[in-house]
Participant: 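Right, I'll just put the structure down here and ask away after.
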Amino acid sequence: NAGVTQTPKFRILKIGQSMTLQCAQDMNHNYMYWYRQDPGMGLKLIYYSVGAGITDKGEVPNGYNVSRSTTEDFPLRLELAAPSQTSVYFCASRTTSGTYEQYFGPGTRLTVT
Amino acid sequence: GENVEQHPSTLSVQEGDSAVIKCTYSDSASNYFPWYKQELGKRPQLIIDIRSNVGEKKDQRIAVTLNKTAKHFSLHITETQPEDSAVYFCAASGPWPSNTGKLIFGQGTTLQVKP
């Protein structure tokens, strides 16, 4: 099992550009999440999904969009990038039964200049 | 919505001493409380968690206690070692609609263990 994978690892964007952060998991988890972590801070939930075709907003959704067409993939779209979106982005997934543990991907470090 | 406060923001201890990190939460319906350890440049890793039907849980040198009445929970690390140095995050998750498992994180505690 690869677990939760994220691409790219690093990216520099110019203000106003757009990009998609990729996240995939091979554990057949229904629940998936996107968090952002600003320097020296905790993680803030951006969007989450409880299954294919179902997504909902978290604490800080503005400036982002998501889609969930398959159980495995949960991409995060940034439209019109702003410096305030400079952060490390973590994707996580969780099973719907048994353990409540969320498994995190390695993160994407994004800089908007 | 749920709010999680974590203290202290930094903690420095001598190797072999104990370390305690405390968190309070606002939503009495929250029922799951994990603790994550994050090393520099790495992803958060779950080290211990507790559900609201249990008051204490222990795993070797790490323990978590939960006081539902006071709405606070604590991480206890005994016999600290230099490799325990990291940032520790608490989180809370409640029975929101459909039990979505959303986590609300505290601000983090930087633990430094001095040899």
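Order of the sequence lines sets the chain letters (A, B, ...), proteins ahead of strands, with each chain counted from 1. Please read all numbers here as calculations on a predicted model, not as lab measurements.
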Participant: Rounded to the nearest 0.5 Å, how far apart are CD1 of Ile104(B) and CD of Glu59(A)?
Facilitator: 3.5 Å

Participant: Val4(B), Val60(A): one ILVMFWY side-chain cluster at the under-4.5 Å cut-off?
Facilitator: no

Participant: Ignoring hydrogens, what is the shortest heavy-atom contact between Arg94(A) and Gly101(B)? Give both atom names and the distance.
Facilitator: NH1-CA, 3.4 Å

Participant: I want to check something: taking the side chain as every heavy atom from C-beta on, are Leu103(B) and Tyr35(A) in contact at a cut-off of under 4.5 Å?
Facilitator: yes

Participant: With a 4.5 angstrom heavy-atom cut-off, which part of Leu45(A) approaches chain B: side chain, backbone, both or neither?
Facilitator: side chain

Participant: With a 4.5 angstrom heavy-atom cut-off, could you sort out which part of Pro44(B) is near chain A: side chain, backbone, both or neither?
Facilitator: both

Participant: Quick check on Ile54(A): does its CD1 atom have over 12 non-hydrogen neighbours (other residues, nucleotides or ligands) under 6.0 Å away?
Facilitator: yes

Participant: Going only through I, L, V, M, F, W and Y residues with side-chain contacts under 4.5 Å, is there a path from Tyr47(A) to Tyr33(A)?
Facilitator: no

Participant: Any side-chain heavy atom of Phe105(B) sitting closer than 4.5 Å to one from Gln37(A)?
Facilitator: no

Participant: Side chain, backbone, both or neither: which part of Gln45(B) has a heavy atom under 4.5 Å from chain A?
Facilitator: neither

Participant: Only pairs of heavy atoms separated by less than 4.5 Å count here; which of Ser49(A), Gly58(A), Gly105(A) has the most with chain B?
Facilitator: Gly105(A)

Participant: Flag yes if more than 12 heavy atoms outside Gln81(B) fall under 6.0 Å of its CD atom; otherwise flag no.
Facilitator: yes

Participant: To the nearest 0.5 Å, what is the distance between CZ (Phe104(A)) and CD (Gln38(B))?
Facilitator: 8.5 Å

Participant: Which value, rounded to the nearest 0.5 Å, describes the distance between Met41(A) atom CE and Phe89(B) atom CZ?
Facilitator: 9.0 Å

Participant: Quick check for you: among Gln107(B), Arg51(B), Lys42(B), Gln6(B), which has the greatest number of heavy-atom pairs under 4.5 Å with chain A?
Facilitator: Arg51(B)

Participant: Would you say Val66(A) and Val4(A) are hydrophobically clustered, going by side-chain heavy atoms of ILVMFWY under 4.5 Å?
Facilitator: no

Participant: Using the rule that two of Ile, Leu, Val, Met, Phe, Trp, Tyr join whenever any of their side-chain heavy atoms come within less than 4.5 Å, decide whether Ile47(B) and Leu66(B) are in one cluster.
Facilitator: yes

Participant: Are there over 12 heavy-atom neighbours, none belonging to Gln14(B), within less than 6.0 Å of that residue's CD?
Facilitator: yes

Participant: In this structure, would Tyr89(A) and Val87(B) fall into the same cluster of hydrophobic residues linked by side-chain contacts under 4.5 Å?
Facilitator: no

Participant: Roughly how far apart are Tyr100(A) OH and Leu46(B) CG, rounded to 0.5 Å?
Facilitator: 14.0 Å

